Amino acid sequence: MSFVLKILGSNSAAPAHNRNQTSQVLVVDDEHFLIDCGEGTQLQLKKFKVKATKINHIFISHLHGDHYYGLIGLLSTMHLYGRKARLFLYGPPGLSEILSLQFKYSNTTLNFPIQFKEWVPGTSEVLLENQKITVSSFPVSHRIPCSGFLFREKPKNRRIEKSLLPPNVTPTLIIKLKNGEDLLDEKGNIKYKNSEVTLPPRPSYSYAYCADTKYDESLIQYIASVDMLYHEGTFLEDMRERAELTFHSTAAQAATLALKAGVGKLILGHFSTRYKELNPLLEEALTVFKESYLGIEGTDFSPA
């Protein structure tokens, strides 16, 4: 599987009950995307054997500390370990200023360049696009400007099955086959039908990250039918008023949104420190949406 989400931190506000603050890594075809960077994230990377050197893109959802206080430490460690490769950082207004101030007063000049892209609050925009994937932001409903992130793989090429290949196929012809073209003879007639010498492309997957947010059905337009959805489930239903007041969601609300959006899997996270045991949150979500899972730290999730 070339599309895997690893949970690094799943707690809200503060570390508690052996749970760390919000952070996760999405690996797409060996490209590592770090999503939020709560305090202690670099320790979690070491604990779960994720190489920080492989992380070239970091996405920060908002400027509450449990989502970014680990960033300065991670960047500093990358610097101390001699990183040279460019790092792409996507975050809210103010983040660049915060980092610049911290580095200014520690008299630190990083060994590597940071290319910072500031997402625009209240809008949806493409933050990253390459040959394999598109990453977009979308607004969620929180107390301060906060963004969700949608990762969507592009359609993949057909697969080459060597045992089906005709003899003496050149690299140029292989590219045509991967692009779904038939191979023609000198007269323009079909010599080899593409569907007979190649295999269908592998599935393209999608993942939506809904950071801190209260229940908001307007999110469905961004997350509809994604293969995996992370949605905070900070509280149980008996704390619904508290959730509304603090711009958070209950596990049942997260499951309701997942059901209405027609997603494949729901991953719950951002658990309140009031809950030592998390099974009640999962049980509540399961009564609404059967493909609900707890975002337990160290757990890998994949669409299939």
Side-chain angles (χ1 to χ4, degrees), residues 1-6 24-35 45 48-59 78 81-90 111-117 124-137 149-209 222-229 263-265 300-304:
M1 172 59 64
S2 61
F3 195 100
V4 179
L5 178 75
K6 180 179 285 292
Q24 50 189 245
V25 172
L26 180 67
V27 181
V28 181
D29 198 20
D30 206 38
E31 184 74 39
H32 288 53
F33 303 93
L34 181 67
I35 308 168
L45 289 169
F48 298 120
K49 297 179 171 56
V50 179
K51 293 183 178 180
T53 54
K54 287 193 170 185
I55 296 171
N56 292 318
H57 300 271
I58 300 178
F59 297 83
M78 289 177 169
Y81 285 0
R83 181 189 176 103
K84 301 295 183 184
R86 183 182 301 273
L87 180 75
F88 296 87
L89 177 59
Y90 312 84
N111 296 321
F112 58 94
I114 294 179
Q115 184 168 322
F116 181 70
K117 181 174 179 58
S124 175
E125 58 182 322
V126 174
L127 300 178
L128 167 66
E129 184 171 15
N130 58 33
Q131 292 181 333
K132 295 181 179 180
I133 195 168
T134 299
V135 186
S136 303
S137 64
F149 302 112
L150 174 62
F151 298 78
R152 192 179 295 278
E153 282 190 298
K154 292 185 175 181
K156 299 174 182 176
N157 290 330
R158 294 188 67 82
R159 292 176 289 155
I160 298 298
E161 176 54 63
K162 292 183 179 180
S163 64
L164 300 176
L165 280 180
N168 302 319
V169 178
T170 65
T172 300
L173 293 179
I174 287 179
I175 291 174
K176 289 185 176 182
L177 288 173
K178 285 184 175 181
N179 290 334
E181 299 179 37
D182 297 323
L183 298 187
L184 309 178
D185 60 21
E186 296 80 0
K187 297 181 179 179
N189 298 314
I190 296 177
K191 186 176 182 180
Y192 296 105
K193 194 172 182 62
N194 186 281
S195 59
E196 295 176 354
V197 295
T198 64
L199 299 174
R202 298 188 187 280
S204 294
Y205 296 114
S206 55
Y207 170 60
Y209 175 81
Y222 306 113
I223 67 175
S225 301
V226 295
D227 296 292
M228 297 193 299
L229 167 68
V263 309
K265 291 181 179 179
D300 289 347
F301 292 95
S302 57

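Keep in mind it's a predicted model, so treat the numbers as computed, not measured.
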Separation between CZ of F59 and CG of L26, rounded to the nearest 0.5 Å: 9.5 Å

CZ-CD1 distance between R152 and I133, expressed to the nearest 0.5 angstrom: 10.0 Å

Closest approach of P155 to S204 (non-hydrogen atoms, all atoms of both residues): CA-OG, 3.4 Å

H57 side, atom NE2; F151 side, atom CZ - distance, nearest 0.5 Å: 10.0 Å

Which residues share a salt bridge (Lys or Arg N to Asp or Glu O under 4.0 Å) with K117, sequence neighbours left out: none

Min side-chain heavy-atom separation D300-L5 under 4.5 Å: no

Check ion pair K54-E31 (N to O, under 4.0 angstrom): no

Donor-acceptor contact below 3.5 Å, side chain K154 vs main chain N130: yes

Backbone of S302 reached by a side-chain donor or acceptor of K265 within 3.5 Å: yes

Given I55, V28, V25, the one that forms side-chain contact (heavy atoms from CB on, under 4.5 Å) with F33: V28

Expected output: side-chain S124 to main-chain S137 donor-acceptor under 3.5 Å: yes

Least distance between heavy atoms, G82 atom then N111 atom: CA-ND2, 4.0 Å

F48 and K6, any side-chain heavy atoms less than 4.5 Å apart: yes

Polar contact flag, side-chain donor to acceptor under 3.5 angstrom, E153-Y207: no

pair D29-K132: side-chain heavy atoms closer than 4.5 Å: yes

Close aromatic pair by centroid cut-off 6.0 Å: F3 and F301: no

Inter-residue atom distance N56.CG - L89.CG, 0.5 Å rounding: 12.5 Å

Donor-acceptor pair between N194 and R158 side chains, under 3.5 angstrom: yes

Any F88 side-chain heavy atom under 4.5 Å of L127 side chain: no

Non-hydrogen atoms of D227 and P303 that approach each other most closely: CB-CB, 3.8 Å

Donor-acceptor contact below 3.5 Å, side chain K156 vs main chain P203: yes

Over all atoms of both residues, closest heavy-atom pair of I160 and T198: CD1-CG2, 4.1 Å

Over all atoms of both residues, closest heavy-atom pair of R83 and L87: NH2-CD1, 3.8 Å

Test salt bridge (Lys or Arg N to Asp or Glu O under 4.0 Å) applied to E125 - qualifying residues, sequence neighbours left out: none

Under 3.5 Å: donor-acceptor pair, side chain of R159, backbone of P201: no

Short side-chain to backbone donor-acceptor contact, N179 and E181, under 3.5 Å: no

Contact check, side chains of V126 and T134, non-hydrogen atoms, under 4.5 Å: yes

Approximate separation, where rounding is to 0.5 Å, of Y205 OH and S2 OG: 7.5 Å

Nearest-0.5 Å distance, CG of residue L34 to OH of residue Y90: 12.5 Å

